[in-house]
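First comes the structure, then the notes that go with it.
Bear in mind the structure is a predicted one, so any value in this text is a computation, not a measurement. Remember, it's 1-based here, ligands and their atoms both numbered in the order they're listed.
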Amino acid sequence: MRVLVVEDEPTLRATLASRLRTAGYAVDEAGNGRDGLYAGNEYPIDLAIVDLGLPDIPGTELIKRWRAGERSFPILILTARSSWEDKVAGLELGADDYLVKPFHTEELLARVRALLRRAAGWAEPKLRCGPFTLDTSAKTLLAGTTGVEITAFEYKVLEYLMLHAGKVVSKAEISEHLYEEDADRDSNVLEVIIGRLRRKLDPDRTLNPVETARGQGYRFRFTPSQNDAG
Ligand code: CA
């Protein structure tokens with residue numbers, strides 16, 4: 001999943017970007033409002049973290065313009081000030097959550113995970129599809145009751161597929177959401193990862209959890225088995 005960080009304080013921006021990358025996200029960084037606005041409009045990001053106090057274009061203005069332009073990704077706002085007016089303004093303009101500085105990075109990561117999950121229509125941290133359970137907090141995979149070892153990159157691909165379970169996602173879409181803007185994207189690598197996931201998820205080749213949609217991409221065949229009443 002791809003996260004945009006708009007924060008003008010270089011040390012905080014670098015720390016956040018580094019922690020998010022370690023947690024498995026592709027991260028695009030912007031150090032001012034203008035670059036942030038551009039990245040949010042042009043890149044296929046899944047979530048934006050926006051400091052409200054920014055040079056040139058204020059954070060609230062970014063939120064307003066993205067939402068006016070029908071950019072619907074979740075937005076988490078950061079504010080140094082504890083003044084409630086800023087937070088309320090940000091939330092009323094369409095932000096989804098906020099954190100007051102200073103905050104613990106673990107709390108930020110937990111909120112990012114929750115926002116991404118809810119945006120994809122999942123209420124709980126465990127994604128259950130047929131016999132497979134992906135724990136997005138612990139980053140672990142179960143097939144039935146058996147743990148399956150997967151690498152960090154395999155996890156990212158599988159999480160994207162399972163968040164969109166039942167829907168066809170193209171190779172280009174997966175690449176765009178897993179790599180940062182300047183990254184070298186190689187669709188052969190994705191094919192290799194999909195092949196490995198298929199062997200790990202379905203060693204007997206009986207379930208075919210990751211279907212190939214001819215000429216279109218991949219589809220996680222099992223749909224969410226969570227109780228979505230309410
Ligand atoms: Ca600032």
Side-chain angles (χ1 to χ4, degrees), residues 1-120 122 125 136-137 139 152 156 159-160 163 175-183 185:
M1 304 294 263
R2 195 157 156 185
V3 175
L4 169 66
V5 177
V6 192
E7 167 63 66
D8 58 311
E9 203 180 301
T11 315
L12 179 59
R13 186 174 71 247
T15 306
L16 290 180
S18 150
R19 291 298 302 274
L20 286 160
R21 288 191 179 106
T22 305
Y25 300 102
V27 182
D28 297 289
E29 298 177 47
N32 58 58
R34 188 162 291 116
D35 292 349
L37 182 67
Y38 177 85
N41 280 335
E42 301 300 323
Y43 303 162
I45 60 167
D46 296 293
L47 178 140
I49 298 171
V50 178
D51 178 31
L52 287 186
L54 290 170
D56 58 55
I57 306 175
T60 46
E61 188 63 25
L62 292 192
I63 298 165
K64 196 160 124 187
R65 294 204 205 166
W66 285 334
R67 293 306 190 227
E70 300 187 349
R71 302 291 285 148
S72 61
F73 46 76
I75 300 172
L76 172 64
I77 52 182
L78 306 178
T79 174
R81 289 155 289 186
S82 51
S83 100
W84 58 270
E85 291 95 337
D86 281 342
K87 287 179 280 182
V88 170
L91 294 168
E92 286 195 333
L93 288 167
D96 300 276
D97 199 358
Y98 68 89
L99 274 174
V100 176
K101 296 178 190 175
F103 50 82
H104 292 284
T105 325
E106 286 308 318
E107 183 176 4
L108 177 120
L109 292 173
R111 289 182 189 225
V112 164
R113 281 196 297 270
L115 286 170
L116 286 170
R117 224 173 44 224
R118 283 193 221 113
W122 292 84
T136 59
S137 297
K139 313 247 178 205
K156 288 192 217 184
E159 182 189 59
Y160 197 85
L163 281 169
S175 292
E176 280 174 352
H177 288 267
L178 297 191
Y179 292 105
E180 293 158 20
E181 196 56 22
D182 303 326
R185 294 173 196 158

**Asked** Could you give all pairs that pass the salt bridge (charged side-chain N to carboxylate O under 4.0 Å, His left out) test and reach residues 10-32, with sequence neighbours left out?
**Response**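 Of all non-adjacent pairs touching residues 10-32, those that pass salt bridge (charged side-chain N to carboxylate O under 4.0 Å, His left out) are Arg2-Asp28, Arg13-Glu29, Arg19-Glu106, Arg21-Glu29, Arg21-Glu180.
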**Asked** Near the Ca ion (ligand 1), which protein N/O/S atoms are found at less than 3.0 Å?
**Response**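 Metal shell, protein only: Asp8 OD1, Asp51 OD2, Gly53 O.
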**Item:** Leu16 side chain reached by Leu108 side chain, heavy atoms, under 4.5 Å
**Value:**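 Yes, at least one pair of side-chain atoms sits under 4.5 Å.
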**Prompt:** Any side-chain heavy atom of Leu78 within less than 4.5 Å of one from Val50?
**Reply:**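 When only atoms from C-beta onward are counted, Val50 and Leu78 do not touch, as no gap falls below 4.5 Å.
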**Prompt:** Are the charged groups of Glu7 and Lys101 less than 4.0 angstrom apart, N to O?
**Reply:**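 Lys101 and Glu7: salt-bridged.
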Donor-acceptor pairs under 3.5 Å, side chain of residues 52-65 to any protein atom, not counting sequence neighbours: which ones?
from	atom 1	to	atom 2	distance (Å)
Asp56	OD1	Gly33	N	3.2
Asp56	OD1	Arg34	N	2.9
Glu61	OE2	Arg65	NE	3.1

**Message:** According to side-chain hydrogen bond (donor to acceptor under 3.5 Å, both in side chains), who are the partners of Asp8, at least two apart in sequence or on a separate chain?
**Reply:**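 side-chain hydrogen bond (donor to acceptor under 3.5 Å, both in side chains) check on Asp8 returns nothing, list empty.
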